[in-house]
Every structure is written in C-alpha cells, then in structure tokens.
Amino acid sequence: MAKVDLDSLSIEELAALRDNATDKLAEKVAARQAELEAELERLSQYGKPAKKSLGAAPVAKVKKSDEAAKKNDEAKEPIAKEPIAKAA
C-alpha cells in the first residue's frame with residue numbers, strides 16, 4: 001500500500017479519503033458478517049438453532065463463590081439506622 005502524506009492533503013482530499021475508507025470498511029464488515037452468518041447457519045445443524053438476537057449482550061453468570069463472598073461482605077458492613085439524606 002502506498003504511503004500518503006496526510007499533511008500535504010487539502011481538507012477536501014482528506015474528507016474524500018475518509019469517505020472512501022469508511023465505505024471500504026463498511027463493505028468489508030458486511031462481507032465478513034455474511035461469512036460468519038453462513039458459517040453459523042452451517043454449524044447450527046449440529047446443535048442448538050442459531051440465535052439471531054443482536055440486541056442484548058450475554059449476561060455473565062455469577063459464581064457461587066462470588067455470591068458467598070458478597071454475603072460475607074454484607075454481613076460485615078454495619079447497617080445504617082437512619083437515612084443519610086432525605087429527598088426534597
């Protein structure tokens with residue numbers, strides 16, 4: 001790939017370069033996404049059906065040892081008898 005001297009480019013040339021890079025990146029991302037979806041579809045025949053939900057990230061499960069540590073910490077902390085601040 002040829003090196004480009006960004007300092008020598010005008011604002012219009014830099015904006016055009018940015019637009020071209022953005023377009024090329026979007027093409028590559030779309031192509032890779034299609035590849036991954038096709039592979040996921042192929043692999044889904046071996047197990048659970050493929051999930052297509054992109055909205056929520058998977059939630060990490062809490063380990064039992066973490067729950068026990070949290071309960072121990074809560075038991076050590078004193079419980080306030082009066083509210084610290086009142087809402088106006």
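- Other residues, nucleotides and ligands place no more than 12 heavy atoms under 6.0 Å from the CD1 atom of Ile11.
- Note on residues 17-30: pairs passing salt bridge (Lys or Arg N to Asp or Glu O under 4.0 Å), not counting sequence neighbours, are Lys24-Glu27.
- In this structure, Lys3 has no salt bridge (charged side-chain N to carboxylate O under 4.0 Å, His left out) partners at least two apart in sequence or on a different chain.
- At a threshold of 4.5 Å between non-hydrogen side-chain atoms, the residues Glu13 and Leu17 do not count as touching.
- Other residues sharing a hydrophobic cluster with Val29 under the 4.5 Å side-chain heavy-atom criterion for ILVMFWY residues are Leu25.
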